[in-house]
Student: 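Following this message is one structure expressed as structure tokens.
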Amino acid sequence: MSKPNGSKAFALFVWALASLSVSAADIPSGGAVTLEQVVRIAIKNAPSIMIAGIQVDLAGADQSEAADPFGAVFKVGLARENVRGYEYPTELKQLSPLLPVPSTFLADSQNNKQLTSGLSKLFRSGIFTEFSISTASSSNAKTNADFLPIPIALNATGLKPGALASNYMPVHPSSIQLTMNFPLMKFSGENNIAAANERQKIYQREAAEMTLKHSVAVIIQNVVNAYWNFKAAIAKLNFTQESATQVERWLQKIEKESAAGGAVRSRTEESLSHLRGFSRQLVGDVSKAQEAVSSARNVLAQAIGIPSDDARRIAQATDDYPLDWSGVLASFNADGLRSRWGMMAEQNRFDMKAKKLEVDGADAISLGAQNDVKPKLDLAIILKRQGLSGGGTNQLDTNSFTTGTSPLGAAVLLSFEYKLDNDKAKAQVVRTRYLKMQKEIEFNDVKRGLALGVDTAVNSVYNSLIGLQSAQQQSNL
């Protein structure tokens, strides 16, 4: 599996190929076109490539969306709180300093500030981690009132001469915490539903890329076939016309000999009868060959996506066949070609690769659904260290991260959760199982069709070469 970079490279290749192409209106006035020209026009005009390219981009967006749960999340928060409580009667407030707890009848008055930040991440293995820090500042009138006797006692006992309440108030607590959650059943391992969903989207994006490439390959194949069929139709027309001309010359020669009379006349009557019949047959063959050229031209125009007005401008295919026909026919091994082409097709056909990737994607989400139906058993470990500093202003103070710090504290939690019905997860298991079966059937169907297509291609090539050789031999008589 890969990130969606190959599709962009291939799309750029297709775009570059099309941008270099001539338009339909640029077909030469003489009507002679090369194979390269018609392939470029076809790629430029093909809506199937545009649609397949859009599908690749949409599949890439689905993949990015599926990867969203695994992105790191940074959070920061700043809070300020001013608490103002109800007021006690004046006489009770005046009595408070004389009580053991001076703050008893004081109104609640707090000025608090807090800054928190954290970084969390869900890994594709299902493990979740979060690292967070917080620092706060708190000024509390009740606490300040209760703390007033403390500096006096510190000075009286000599524990801290010159101690003032402002050395300790307001307070600035802080904490550093690391939380780790390990799923042991549901959502554990690479087959957890989120990771499986992402893998399915990756396979689907790769399948869309293969479909795009297959669309280009099909267009090129259709254009190449149509181009050579057009070339073959023209060649057969030329051979048939040459045959008709040759027979006409023979007919005229024999007619002259017959007109001379004598023994020659008796010997040529039978030949004249055969030649006249053959000549009439060739006239019909020429007409059929001309119709075949017109039909092949229209098929080529349809393959490259140009209108009928431009199609009529195509008069000649200038490229020559890359192989000598007689040599190909002499070494033509239909069974060997079927085996070799079949093997190459299974390895290289983009539609086969696309269907296989769809099967892999369906298998991934099926495994994820099976994991998601399990009970939830989680082990959580929390590590925490706290600190405290005091005095100064009521602004946030980071000294508490290094002052008054506690030893590292830890907590371990084991939790279990089981949904008694769990109908949604069970339905997903059934749905994804049948999806996998469907994709496997589609893959096998394409594989069967591939074998039939190879057999048809071998027979078509052989029959085309036989027809062309026959027409060429006929013109050489």
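What you see is a predicted model, and the numbers here were worked out from it, not measured in a lab.
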Student: Hey, could you give me the OG/CZ distance between S137 and R80, rounded to the nearest 0.5 Å?
Tutor: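 Reported to 0.5 Å precision, the distance equals 10.5 Å.
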
Student: Any chance you could measure K424, atom NZ, to K419, atom NZ, to the nearest 0.5 Å?
Tutor: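 K424 atom NZ to K419 atom NZ measures 7.5 Å (nearest 0.5 Å).
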
Student: For the residue pair A315 and I234, what are the closest heavy atoms and their distance?
Tutor: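 Shortest heavy-atom contact: O-CD1, 3.7 Å.
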
Student: Going by heavy atoms in the side chains, are F350 and E209 under 4.5 Å from each other?
Tutor: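 Not in contact.
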
Student: Atom CD1 of I41 and atom CD of E36: how far apart are they, to the nearest 0.5 Å?
Tutor: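 Result: 11.0 Å between the selected atoms.
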
Student: Within the 3.5 Å criterion, strictly below it, is a donor on N191 or R199 matched to an acceptor on the partner's side chain?
Tutor: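 There is such a pair (donor and acceptor under 3.5 Å, judged by atom type) between the side chains of N191 and R199.
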
Student: Would you say the side-chain atoms of S174 pair up with the backbone N or O of S400, donor to acceptor, closer than 3.5 Å?
Tutor: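 A pair under 3.5 Å: yes.
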
Student: What verdict does the side-chain contact (heavy atoms from CB on, under 4.5 Å) test give for F123 and T129, after you've listed the backbone C-alpha separation in whole Å, the side-chain angles of each residue and the deciding distance to 0.1 Å?
Tutor: CA-CA 8 Å; F123 292 90; T129 61; 3.6 Å; yes

Student: Under a 3.5 Å distance rule, please check whether S188 uses its side chain to pair with a backbone N or O of M185 as donor and acceptor.
Tutor: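 Looks like yes, one N/O pair under 3.5 Å.
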
Student: Examine distances only and state if a side-chain atom of D445 and a backbone atom of I441 form a donor-acceptor pair shorter than 3.5 Å.
Tutor: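 Judged by distance alone, no pair lies under 3.5 Å.
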
Student: Do E198 and F70 come close enough that some side-chain heavy atom pair is under 4.5 Å?
Tutor: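 Yes, at least one pair of side-chain atoms sits under 4.5 Å.
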
Student: Donor-acceptor check, side chain of S339 to backbone of D335, threshold 3.5 angstrom: yes or no?
Tutor: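 Side chain of S339 to backbone of D335, a donor-acceptor pair under 3.5 Å: no, none is there.
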
Student: Run the numbers on E358 and K353 for salt bridge (charged side-chain N to carboxylate O under 4.0 Å, His left out), then give the verdict.
Tutor: CA-CA 9 Å; E358 289 179 2; K353 293 180 179 179; over 6 Å; no

Student: Quick one: does I306's side chain get under 4.5 Å of I314's, heavy atoms only?
Tutor: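 When only atoms from C-beta onward are counted, I314 and I306 do touch, with a gap below 4.5 Å.
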
Student: Quick one, E242 and F239 - any side-chain contact, counting heavy atoms below 4.5 Å?
Tutor: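 They are in side-chain contact.
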
Student: If you measure only the distance, is there a donor-acceptor pair under 3.5 Å linking the side chains of Q428 and R431?
Tutor: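 Note: Q428 and R431 side chains meet the donor-acceptor criterion.
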
Student: Return the minimal non-hydrogen interatomic distance between A195 and R124, and the atom names on each side.
Tutor: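 Heavy atoms only, the tightest pair is CB-O, 3.6 Å.
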
Student: Hey, does I49 have a side-chain heavy atom less than 4.5 Å from the side chain of I43?
Tutor: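 Side-chain contact under 4.5 Å: yes.
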
Student: Is it the case that E417 and S415 place a side-chain donor and acceptor less than 3.5 Å from each other?
Tutor: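 There is no such pair (donor and acceptor under 3.5 Å, judged by atom type) between the side chains of E417 and S415.
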
Student: Less than 4.0 angstrom from a charged side-chain N to a carboxylate O is my criterion; do D363 and K436 meet it?
Tutor: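 Between K436 and D363 there is a salt bridge, with a charged N closer than 4.0 Å to a carboxylate O.
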
Student: Is the shortest distance from a Lys or Arg side-chain nitrogen in E291 or K288 to a carboxylate oxygen in the other one below 4.0 Å?
Tutor: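 No, no charged N to carboxylate O under 4.0 Å.
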
Student: Kindly say whether V429 contributes a backbone atom to a donor-acceptor pair with the side chain of T432 at under 3.5 angstrom?
Tutor: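 Yes, because the side chain of T432 sits within donor-acceptor range (under 3.5 Å) of the backbone of V429.
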
Student: Determine whether the side chains of T135 and T398 contain a donor N or O and an acceptor N or O closer than 3.5 Å.
Tutor: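 There is no such pair between these side chains.
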
Student: In terms of heavy-atom contacts, does NZ of K447 have more than 12 from other residues, nucleotides or ligands at under 6.0 Å?
Tutor: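 Open: at most 12 neighbouring heavy atoms sit under 6.0 Å from NZ of K447.
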
Student: Donor-acceptor check, side chain of K426 to backbone of D421, threshold 3.5 angstrom: yes or no?
Tutor: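 Yes; judged by distance alone, with no hydrogens or angles, the pair exists.
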
Student: Answer yes or no: are there more than 12 heavy-atom neighbours, outside M180 itself, under 6.0 Å from its atom CE?
Tutor: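 Yes.
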
Student: Take L184 and D378 through the test side-chain contact (heavy atoms from CB on, under 4.5 Å) and record every step on the way to the result.
Tutor: CA-CA 6 Å; L184 304 179; D378 289 359; over 6 Å; no

Student: Quick one: do the E442 and Q438 side chains pair a donor with an acceptor below 3.5 Å?
Tutor: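 Side-chain D/A pair, E442 to Q438: present.
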
Student: Can you tell me how far the CG atom of L300 sits from the CH2 atom of W228, to the nearest 0.5 Å?
Tutor: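 Here the rounded value is 11.5 Å.
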
Student: For F401 versus S175, what's the shortest heavy-atom pair and its separation?
Tutor: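 For F401 and S175, the tightest heavy-atom pair comes out as CE2-O, 4.0 Å.
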
Student: Please confirm whether the backbone N or O of G60 pairs with a side-chain atom of S64, one donor and one acceptor, at under 3.5 Å?
Tutor: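 Yes, the answer is positive, given that a donor and an acceptor are paired below the 3.5 Å cut-off.
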
Student: Where do M210 and L357 land on the side-chain contact (heavy atoms from CB on, under 4.5 Å) test, with the steps shown first?
Tutor: CA-CA 9 Å; M210 293 298 108; L357 287 166; 3.8 Å; yes

Student: Looking at K113 and L396, what are the two nearest heavy atoms and their distance?
Tutor: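 The answer is O-CD2, 3.8 Å.
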
Student: Evaluate the criterion side-chain contact (heavy atoms from CB on, under 4.5 Å) for residue pair V216 and K213; output intermediate values, then yes/no.
Tutor: CA-CA 5 Å; V216 176; K213 294 178 181 180; 5.7 Å; no

Student: Would R40 and Q37 satisfy side chain to side chain donor-acceptor pair (under 3.5 Å), going step by step from the backbone distance to the final call?
Tutor: CA-CA 5 Å; R40 287 177 174 175; Q37 285 175 328; over 6 Å; no

Student: Roughly how far, to the nearest 0.5 Å, is CD of Q177 from CG of L383?
Tutor: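 Rounded to the nearest 0.5 Å, the CG-CD separation comes out at 8.5 Å.
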
Student: Measure the spacing between CG of D397 and CG of L115 and express it to the nearest 0.5 Å.
Tutor: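 So the CG of D397 and the CG of L115 are separated by 12.0 Å.
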
Student: With a cut-off of 6.0 Å (strictly less than), are more than 12 heavy atoms of other residues, nucleotides or ligands near CE of M343?
Tutor: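 For M343, atom CE is not crowded (no more than 12 foreign heavy atoms under 6.0 Å).
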
Student: Quick one: does L450's side chain get under 4.5 Å of M352's, heavy atoms only?
Tutor: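 Yes, their side chains come closer than 4.5 Å.
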
Student: Heavy-atom count around Q302 CD within 6.0 Å, excluding the residue itself: above 12?
Tutor: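 No, not enclosed.
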
Student: Is the shortest side-chain heavy-atom distance between D310 and R313 below 4.5 Å?
Tutor: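 Yes, their side chains come closer than 4.5 Å.
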
Student: Answer yes or no: is there a donor N or O on one side and an acceptor on the other, between the side chain of T211 and the main chain of A207, under 3.5 Å?
Tutor: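 Yes, because the side chain of T211 sits within donor-acceptor range (under 3.5 Å) of the backbone of A207.
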
Student: For the residue pair F230 and A296, what are the closest heavy atoms and their distance?
Tutor: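 Minimum heavy-atom contact is CA-CB, 3.7 Å.
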
Student: Can you check salt bridge (charged side-chain N to carboxylate O under 4.0 Å, His left out) on K355 and D351, steps first, answer last?
Tutor: CA-CA 6 Å; K355 289 300 179 183; D351 54 343; over 6 Å; no

Student: Start with the C-alpha gap between N371 and N192, add the side-chain angles, then the distance that decides, and say whether side chain to side chain donor-acceptor pair (under 3.5 Å) holds.
Tutor: CA-CA 6 Å; N371 177 273; N192 68 77; over 6 Å; no

Student: Given 3.5 Å as the limit, does a donor-acceptor pair link the side chain of K231 with the main chain of D319, or not?
Tutor: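 Between the backbone of D319 and the side chain of K231 there is a qualifying donor-acceptor contact (under 3.5 Å).
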
Student: Grab the two heavy atoms, one from N422 and one from V373, that are nearest each other, plus how far apart they are.
Tutor: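 So the minimum-distance heavy-atom pair works out to ND2-O, 3.3 Å.
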
Student: Less than 4.5 Å apart, any side-chain heavy atom of L452 and any of R448?
Tutor: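 A side-chain contact is absent here, since even the closest heavy-atom pair is not under 4.5 Å.
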
Student: Is there a donor-acceptor contact under 3.5 Å from the side chain of Y227 to the main chain of V39?
Tutor: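 Here the side-chain-to-backbone pair does not exist.
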
